[in-house]
S.K.: 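The following block contains the structure, expressed as structure tokens.
FYI, the numbering just counts along the sequence from 1. Quick caveat, the model's predicted, so the values are computed rather than measured.
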Amino acid sequence: MAFLKFNKSELVNLSYSLKREIILANKTGAYCNTSIITCNTRRYHGLLAVTLDRFGGDKYLLLSNLDETLVVDGKQFNLGIHRYGDHYDPRGHKYIIDFSADPVPQITFKVGQVILRKTIILAHNADQVMVRYELVHSPARVTLQLRPYLAFRNIHALTHENHEADMTGKSIPGGMAFKLYPNFPELRLQTSRKAQFTGQPWWYKGITYSDEYRRGFDCVEDLVVPGWFELDLKEGESLVFSASIADCNPSGLSSRFSACYKHEGKVSTPREQLDRCADLLICNHNGRKKITAGFSWMYTGLLRETLQSLPGLTLYRKGGRAEFEEILDNLIADEQERLFRRTTQVEAPLLLANALQKYIDTGADAARVWKKYGVIMCGVLESYLPGERKEVSLQPNGLLWAKMENVALNWMDAYINGKPVTERAGFQVETNALWYNAICFAIEMERRFSGDSSAFVLKWEPIRELAKGSYQKTFWNESMGCLADYVDSEGQHTEVRPNQLFAVWVKYSPVDELLIPGILRVIDRELVTSRGIRTLSPRDPNYRGVYEGTQIDRDLAYHQGSTRPFLLEYYIDTCFRVSGAAFLKKAEWLVEGFYDDLSKHGVGAFSELYDGDPPHEAHGAISSALSTAALLTIDDLISRYKEDKK
């Protein structure tokens, strides 16, 4: 039985099925993303999007959809579904009787007595999507027609009818190749069995993406259908359709499909699904491994998201440790500007210390790690000294002051009409906690491997002592019993946010140990939910508990109440250190809901964020590197405390 499965009554209910998405991704940087009934609801949806170096490494959608038509006894039954304005046409979802992910998507249609099964797979090592059609049951021979919808555009854009598109194509073995615009690669459409292609190019205009419409974005585009493939099938026969940017032998498509299907393996437990999601988030485009922040619109190789998710996605998975340094080395090579000169997320470079600490804590040789990365870590710290960065610099009290007019210099970086929702200019509680931790880590390593008289140690010990002495005085609020979120020239800003979690979670905390339980109690009371940690207390007048509505509505909620699963890692880790194995039951309760939600939003994936209000519906990227990495880390923590309890 499939791990993830939907029945007919769920599938024909559009309000249910259109909210559930499938995501397939591979190591080349390609993806396939659509709803479980293959009706695209976002501009990012499509059967084949690929990473194109010729266009700066962005992702481009080539094949948007593939409509199937069954001709039975001279009658046509269109199995596709598209939205045009307020109407759906055709409405092929009414023929779907079953969907499963085992782990690849498989859809079963029934037209009268005819049963057709469709399986979608993305090749793990090539920019190629394959769709297998199996005629499971039919009293007579039927005709299958396949109509490809071509986009040839950046995944963030939309396309419209134009005279520049070349819709003619050319004949290739087993199919046709199309290149709508110059400089794009050819999209090679081929079938494993001989099929007749009828060229009748046409713009299908006004295709509407309901999720984009609901959010107030541009939501209508025109797509090219260059014609259709047609062939007869009888019961027991199958066909593999391939869309690829590389040459492919059509006679080998069936065996290639089988090999790719076998490579996917079976998924039967939540932990196996978690491992699989982690693997999909690690891209190996052109032999350079990087982390994709989230599917399908988030970028690959981002500094903050990579440093935060790198330990979880690698160190806590079987065989994943070998990838840690490879990914980190690529990140350092690509992010010199942000690491050492300027960034709008001032805390991001400091996360390098946390990543290296976890690497060492999980068994890496500390001497070798520091020999390789010590210069980088020390260079990062030096870049925060006065005069080095315009956006942030060290102050006489040993803390970092971050300010640029109308710029959110932190991870809470939503904007409305060019102005940040949460600017938080001044001394930020999390940035300075990470700052203090990074200084302590670097001093510890330098002292350990270079001696007490190291020039770095002599220079930075006074700064560390200043930071330690100033941190608690600056951020502690006695009446609240927790830390201020940030402090500027007007004083403490006492919104209860999760940023103070960093201060109690980091290995070298700048907060007195006796204060940590009280801070955790405030966080537990105000911010902890069954789907992550809220970004703002519901007691705050700016709290937005539901992430819905227009772009402005959602931006107001993004860091003003929406939960973040990734923050649970810091909360649970800290609670375990304070309470030990006594925290086990609550830790398990805090994560079990994410596995219950595997059939929602992103089917089989772990979402970026949830509503702050019950029932805590999932939103954002359907597969998040931060969420996945946090759940892997928490799973390891729970396993270790269970062992200790025995």
S.K.: Is the backbone of Ser64 close enough, under 3.5 Å, to the side chain of Asn40 for a donor and an acceptor to pair up by distance?
M.R.: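 Side chain of Asn40 to backbone of Ser64, a donor-acceptor pair under 3.5 Å: yes, one is there.
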S.K.: Can a donor-acceptor pair be found, under 3.5 Å and without considering hydrogens, that links the side chain of Glu237 to the backbone of Lys234?
M.R.: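 Here the side-chain-to-backbone pair exists.
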S.K.: Describe, in one word, how the ring planes of Trp505 and Tyr570 are oriented to each other, choosing from parallel (under 30°), tilted (30 to 60°) and perpendicular (over 60°).
M.R.: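 Trp505 and Tyr570: tilted rings.
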S.K.: Is the backbone N or O of Ser15 less than 3.5 Å from a side-chain atom of Asn13, with the two atoms forming a donor-acceptor pair by type?
M.R.: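 Yes.
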S.K.: When you measure from the side chain of Thr362 to the backbone N and O of Tyr359, does any donor-acceptor pair fall under 3.5 Å?
M.R.: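 Judged by distance alone, yes, a pair lies under 3.5 Å.
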S.K.: Could you verify whether a donor N or O on one side chain and an acceptor N or O on the other, from Asn286 and Asp53, lie under 3.5 Å apart?
M.R.: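 Asn286 vs Asp53: donor-acceptor pair found between side chains.
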S.K.: Would you check if the side chain of Thr628 reaches a backbone N or O of Ala625 as a donor-acceptor pair within less than 3.5 Å?
M.R.: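 Not a single qualifying donor-acceptor pair exists.
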S.K.: Under the 3.5 angstrom rule, does the side chain of Thr529 hit a backbone N or O of Gly532 as a donor-acceptor pair?
M.R.: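 Yes, because the side chain of Thr529 sits within donor-acceptor range (under 3.5 Å) of the backbone of Gly532.
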S.K.: Run Gln128 and Arg188 through side-chain hydrogen bond (donor to acceptor under 3.5 Å, both in side chains) and show every step you take.
M.R.: CA-CA 9 Å; Gln128 178 185 31; Arg188 305 170 70 84; over 6 Å; no
S.K.: Look only at the side chain of Arg317 and the backbone of Leu313, and say whether a donor-acceptor pair between them is shorter than 3.5 Å.
M.R.: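 Side chain of Arg317 to backbone of Leu313: a pair is present.
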S.K.: Got a second to check how far Leu584's CG is from Trp589's CH2, nearest 0.5 Å?
M.R.: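 Going from CG on Leu584 over to CH2 on Trp589, the span is 15.5 Å.
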S.K.: Could you tell me whether the side chain of His616 reaches within less than 4.5 Å of the side chain of Ser530, counting heavy atoms only?
M.R.: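 Ser530 reaches His616 side chain to side chain.
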S.K.: Is there side-chain contact between Leu70 and Val114, with heavy atoms separated by less than 4.5 Å?
M.R.: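 A side-chain contact under 4.5 Å exists here.
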S.K.: Give the ring-plane orientation class for Trp411 versus Phe566, where under 30° counts as parallel, over 60° as perpendicular and anything between as tilted.
M.R.: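 Trp411 vs Phe566 ring planes: perpendicular.
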S.K.: Taking C-beta and beyond as the side chain, do Leu231 and Lys194 meet within less than 4.5 Å on heavy atoms?
M.R.: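 No, every pair of side-chain atoms sits at 4.5 Å or beyond.
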S.K.: Do other residues, nucleotides or ligands put more than 12 heavy atoms under 6.0 Å from Lys8 NZ?
M.R.: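 Correct, the count exceeds 12.
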S.K.: Both conditions, 6.0 Å and 45 degrees, for the charged tip of Arg20 above the ring of Tyr16: are they met here?
M.R.: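 Arg20 over Tyr16 ring: yes.
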S.K.: With rounding to the nearest 0.5 Å, note down the distance linking CG in Asp127 to OG1 in Thr51.
M.R.: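 Between Asp127 CG and Thr51 OG1, I get 7.0 Å after rounding to 0.5 Å.
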S.K.: Could you tell me which non-hydrogen atom of Gly46 sits nearest to which non-hydrogen atom of Leu61, and how far apart they are?
M.R.: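 Scanning both residues, the minimum pair turns out to be CA-CD1, 3.5 Å.
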S.K.: After noting the C-alpha distance and the side-chain angles of Asp329 and Lys372, does the key distance pass the salt bridge (charged side-chain N to carboxylate O under 4.0 Å, His left out) rule?
M.R.: CA-CA 10 Å; Asp329 291 347; Lys372 182 175 182 179; 2.8 Å; yes
S.K.: Under a 3.5 Å distance rule, please check whether Ser35 uses its side chain to pair with a backbone N or O of Cys39 as donor and acceptor.
M.R.: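 Here the side-chain-to-backbone pair exists.
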S.K.: Got a salt bridge between Arg531 and Asp597, using NZ or NE/NH1/NH2 to carboxylate O under 4.0 Å?
M.R.: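 Counted as a salt bridge, because a side-chain N and a carboxylate O are separated by less than 4.0 Å.
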S.K.: May I ask you to test the Thr108-Ile96 pair for a side-chain heavy-atom distance under 4.5 Å?
M.R.: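 No. Closest side-chain heavy atoms not under 4.5 Å.
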S.K.: Would Asp334 and Arg288 satisfy salt bridge (charged side-chain N to carboxylate O under 4.0 Å, His left out), going step by step from the backbone distance to the final call?
M.R.: CA-CA 11 Å; Asp334 293 341; Arg288 299 186 79 242; 3.2 Å; yes
S.K.: Which value, rounded to the nearest 0.5 Å, describes the distance between Met176 atom CE and Phe197 atom CZ?
M.R.: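 Reported value, rounded in 0.5 Å steps: 5.0 Å.
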S.K.: Starting at NZ of Lys289, measure out to NZ of Lys27 and round the result to the nearest 0.5 Å.
M.R.: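 Result: 6.5 Å between the selected atoms.
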S.K.: Apply salt bridge (charged side-chain N to carboxylate O under 4.0 Å, His left out) to the pair Glu212 and Arg42, showing each step before the final yes or no.
M.R.: CA-CA 6 Å; Glu212 308 293 346; Arg42 304 181 191 266; 5.6 Å; no
S.K.: Return the CG to CZ distance between Leu18 and Arg214, rounded to the nearest 0.5 Å.
M.R.: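 These two atoms lie 10.5 Å from each other.
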S.K.: Would you check if Thr633 and Pro311 make a side-chain contact, meaning some heavy-atom pair closer than 4.5 Å?
M.R.: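 The answer is no; the side chains never approach within 4.5 Å.
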S.K.: Dump the intermediate steps for ring-ring contact (aromatic ring centres under 6.0 Å, His included) on Tyr95 and Phe109, then the final yes or no.
M.R.: CA-CA 5 Å; Tyr95 300 113; Phe109 300 90; 7.9 Å; no
S.K.: Charged N to carboxylate O below 4.0 Å: is that the case for Lys179 and Glu186?
M.R.: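 The answer is no: the pair does not qualify as a salt bridge.
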S.K.: Considering residues, nucleotides and ligands other than His263, do more than 12 of their heavy atoms fall under 6.0 Å from its NE2?
M.R.: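 Open: at most 12 neighbouring heavy atoms sit under 6.0 Å from NE2 of His263.
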S.K.: Between the side chains of Lys118 and Glu68, is the shortest nitrogen-to-carboxylate-oxygen separation below 4.0 Å, so that they form an ion pair?
M.R.: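 Salt bridge present between Glu68 and Lys118.
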S.K.: Checking His93 against Tyr88 for the ring-ring contact (aromatic ring centres under 6.0 Å, His included) test, could you report, in this order, the C-alpha distance in whole Å, the side-chain angles of both residues, the deciding distance, and whether it holds?
M.R.: CA-CA 10 Å; His93 67 295; Tyr88 290 92; 7.3 Å; no
S.K.: I'd like to know if the side chain of Asp279 reaches the main chain of Asp275, judged simply by a donor and an acceptor atom lying under 3.5 Å from each other, with no hydrogens or angles considered.
M.R.: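 Absent.
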S.K.: So for atom NZ, which belongs to Lys19, do other residues, nucleotides or ligands contribute more than 12 heavy atoms lying within a distance under 6.0 Å?
M.R.: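 Counting neighbours around NZ of Lys19, 12 or fewer heavy atoms of other residues, nucleotides or ligands fall under 6.0 Å, so no.
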S.K.: Kindly state whether the ring of Tyr610 and the ring of Phe594 have centres lying under 6.0 angstrom apart.
M.R.: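 Aromatic pair counts; centres sit under 6.0 Å.
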S.K.: Are Phe257 and Thr119 close enough that some pair of their side-chain heavy atoms sits under 4.5 Å apart?
M.R.: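 Result yes, sub-4.5 Å side-chain heavy-atom pair found.
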S.K.: Nearest 0.5 Å, please: how far is OG in Ser599 from NZ in Lys5?
M.R.: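 Answer for the NZ-OG pair, Lys5 versus Ser599, is 13.5 Å.
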S.K.: For the residue pair Tyr133 and Leu144, establish whether any side-chain heavy-atom pair is separated by less than 4.5 Å.
M.R.: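 Heavy-atom side-chain distance check passes, below 4.5 Å.
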S.K.: Decide yes or no on salt bridge (charged side-chain N to carboxylate O under 4.0 Å, His left out) for Glu305 and Lys290, but give the supporting numbers first.
M.R.: CA-CA 11 Å; Glu305 286 79 358; Lys290 299 180 183 181; over 6 Å; no
S.K.: Honestly, is Arg54 close enough over Phe184, meaning NZ or CZ under 6.0 Å from the six-membered ring centre and within 45° of the axis?
M.R.: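 No, Arg54 does not lie over the aromatic ring of Phe184.
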S.K.: Picking from Tyr60, Tyr44, Trp297, what satisfies ring pair (Phe, Tyr, Trp, His ring centres under 6.0 Å) with His156?
M.R.: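 It is Tyr44, the one option of Tyr60, Tyr44, Trp297 that forms the ring pair (Phe, Tyr, Trp, His ring centres under 6.0 Å) with His156.
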S.K.: Does Asn7 use its side chain to pair, donor to acceptor, with the backbone of Ile97 at less than 3.5 Å?
M.R.: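 Not at all, since once roles are kept as given, no pair shorter than 3.5 Å links the two residues.
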S.K.: With a 4.5 Å heavy-atom cut-off, do Phe295 and Asn33 have their side chains touching?
M.R.: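 No. Closest side-chain heavy atoms not under 4.5 Å.
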